[in-house]
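In what follows, a structure is listed as structure tokens, so that the remarks can point back to it.
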Protein chains: 2
Amino acid sequence: MCAEVTEFARALKDAGLRVTQQRMTVMSILMDAQDHPNADELLSRTRAVDDSISLATVYRTLSVLEEAGLIQKLALENEPARYEITPTAEHDHIVDVETGEVIEISNEEINRLRRAMVEELGYEIVSQHTLIRARKVK
Amino acid sequence: MCAEVTEFARALKDAGLRVTQQRMTVMSILMDAQDHPNADELLSRTRAVDDSISLATVYRTLSVLEEAGLIQKLALENEPARYEITPTAEHDHIVDVETGEVIEISNEEINRLRRAMVEELGYEIVSQHTLIRARKVK
DNA sequence: AACAGTAATGAGAATGATTATCATCTTATT
DNA sequence: AATAAGATGATAATCATTCTCATTACTGTT
Ligand SMILES: [Mn+2]
Ligand SMILES: [Mn+2]
Ligand SMILES: [Zn+2]
Ligand SMILES: [Zn+2]
């Protein structure tokens, strides 16, 4: 009912996709998420709203939303992929190797430098992310 | 026989690991590699040297070498992980989304800024990598 | 509002990368 | 050479993700 939801329905239509209950549910869960849930975390959250949604649909929805540029997939090294709404300001992630916690960091200067390097090589960025595995210094 | 190989045997010992034929083979293949092979690419290259090596051993060796800090694993979004010798100068990767080609880029300023941000948050970097999916501009 | 066409879904099977098991073989040490 | 511990090869198991297919739900049109 809120503005973002209407906006999201429009984004789906613009991408030539149908506006389904399942897609709306997954997307709204992701909009509310303050963390970076993986597919089966999303399944359990969506099931609190619609208990008939399937894991296959969660995965299909995630692919489709990613291709439409609405969400981003984070490929980690030793655990299932996590997802988040495409952030307005691009940011990178620190994964605390002890706790698994994901922390967001962002630095415009880094983004600028990175973009410049890629352009210099004659490429345009499709997606990009930095994953830092780190441990808290005691 | 060359210097790096002796060095590598020492690195294994220092890590409390046995120096096996298979580990030496996998490591030397990686040292010669100019690309970023995945596990089964490594299996076929190692089999050209030792045709009895198994895929399980390739994976076990890769884990062990990664834990020892001798190699790095690159987690991609839609294909099996790739591996490379831990580079002397840290560098990032562009994956050409059309061809799958991996290009290395490196920028000391970015590394510096990134390290500073992580430190400021009270963390120390365990590993880190930037993956840029990009397409060639025509 | 009912209809037709087609995309999307749910359930579960299949796939593919990676890890685990276990008997056998190597390595390192005495 | 004998020993003990670790590593390997073969293969089964696991787990995340994708696929199949019958059924259902959107969407544009009557
Ligand atoms: Mn989970
Ligand atoms: Mn391959
Ligand atoms: Zn984030
Ligand atoms: Zn590299």
Side-chain angles (χ1 to χ4, degrees), chain A residues 5-6 8-27 29 36-44 46-68 70-83 100, chain B residues 5-6 8-27 29 36-44 46-68 70-83 100:
Chain A
V5 172
T6 318
F8 168 53
R10 189 176 312 114
L12 280 177
K13 282 177 187 153
D14 290 350
L17 299 167
R18 290 187 180 177
V19 179
T20 66
Q21 279 311 310
Q22 292 88 340
R23 286 170 179 170
M24 294 303 279
T25 303
V26 170
M27 193 71 184
I29 296 285
H36 298 77
N38 62 24
D40 59 54
E41 185 57 39
L42 282 168
L43 179 65
S44 45
T46 51
R47 283 206 162 152
V49 174
D50 169 358
D51 71 343
S52 71
I53 198 165
S54 75
L55 180 57
T57 294
V58 170
Y59 273 110
R60 278 184 296 234
T61 300
L62 290 171
S63 307
V64 141
L65 297 181
E66 194 199 2
E67 276 157 33
L70 295 168
I71 68 171
Q72 280 183 206
K73 178 179 183 176
L74 311 181
L76 309 187
E77 304 213 343
N78 295 298
E79 48 171 315
R82 297 174 178 231
Y83 300 84
Chain B
V5 172
T6 318
F8 168 53
R10 190 178 307 115
L12 280 177
K13 282 176 188 153
D14 290 351
L17 299 167
R18 290 189 179 175
V19 179
T20 66
Q21 278 311 311
Q22 292 86 344
R23 285 171 181 170
M24 294 304 279
T25 303
V26 171
M27 194 70 183
I29 296 286
H36 298 76
N38 63 23
D40 58 56
E41 186 56 38
L42 283 168
L43 179 65
S44 44
T46 52
R47 282 203 164 155
V49 174
D50 169 358
D51 71 343
S52 71
I53 198 165
S54 74
L55 180 58
T57 293
V58 169
Y59 273 110
R60 278 184 297 235
T61 300
L62 291 170
S63 307
V64 142
L65 297 181
E66 194 199 1
E67 275 157 32
L70 295 169
I71 68 172
Q72 279 182 205
K73 178 179 184 176
L74 312 181
L76 309 186
E77 303 212 344
N78 295 299
E79 49 172 315
R82 297 173 177 232
Y83 300 84

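Keep in mind that what you see is a predicted model, and the values were worked out from it rather than measured.
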L12(B)/M27(B) under side-chain contact (heavy atoms from CB on, under 4.5 Å): CA gap, chis, key distance, verdict
CA-CA 11 Å; L12(B) 280 177; M27(B) 194 70 183; over 6 Å; no

Between atom [atom1] in [X] and atom [atom2] in [N], what is the gap in whole Å?
X	N	atom1	atom2	value
N78(A)	dT19(C)	CG	P	7 Å
E79(B)	dT17(D)	CD	C1'	15 Å
L74(B)	dA17(C)	CG	P	17 Å
R82(B)	dA17(C)	CZ	C1'	15 Å
I53(A)	dA11(C)	CD1	C1'	14 Å
L17(B)	dA5(D)	CG	C1'	13 Å
L42(A)	dA16(D)	CG	P	14 Å
E67(A)	dA8(C)	CD	P	11 Å

So, does Q22(A) get its side chain near the phosphate of dG10(C), meaning an N or O under 4.0 Å from OP1 or OP2?
yes

Indicate whether OP1 or OP2 belonging to dT17(D) is found under 4.0 Å from a side-chain N or O atom of Y59(A).
yes

Do S63(A) and R60(A) have a side chain donor and acceptor closer than 3.5 Å?
no

What nucleotide, of [options], holds the atom closest to the side chain of [X]?
X	options	answer
A56(A)	dC26(D), dT18(C), dG12(C)	dG12(C)
T57(B)	dT8(D), dC26(D), dT18(C)	dT8(D)
S63(B)	dG9(D), dT19(C), dT26(C)	dT19(C)
S52(A)	dT18(C), dA8(C), dG10(C)	dG10(C)
R18(B)	dT27(D), dT8(D), dG6(D)	dG6(D)

Looking at every non-hydrogen atom in both residues, tell me the closest pair between A39(B) and Y83(B) and how far apart they are.
N-CE1, 4.3 Å

Across the strands shown, which category fits R60(B) at heavy-atom distances under 4.0 angstrom: base, sugar-phosphate, nothing?
base

Can you list the steps and then say if D50(A) with I53(A) is a side-chain contact (heavy atoms from CB on, under 4.5 Å)?
CA-CA 6 Å; D50(A) 169 358; I53(A) 198 165; 4.3 Å; yes

For the side chain of R23(B) and the base of dA7(D), is some donor closer than 3.5 Å to an acceptor across the two?
no

Are the side chain of N38(A) and the backbone of E41(A) linked by a donor-acceptor contact shorter than 3.5 Å?
yes

5′-ward residue of the pair L55(A)/T20(B) relative to DNA chain D:
T20(B)

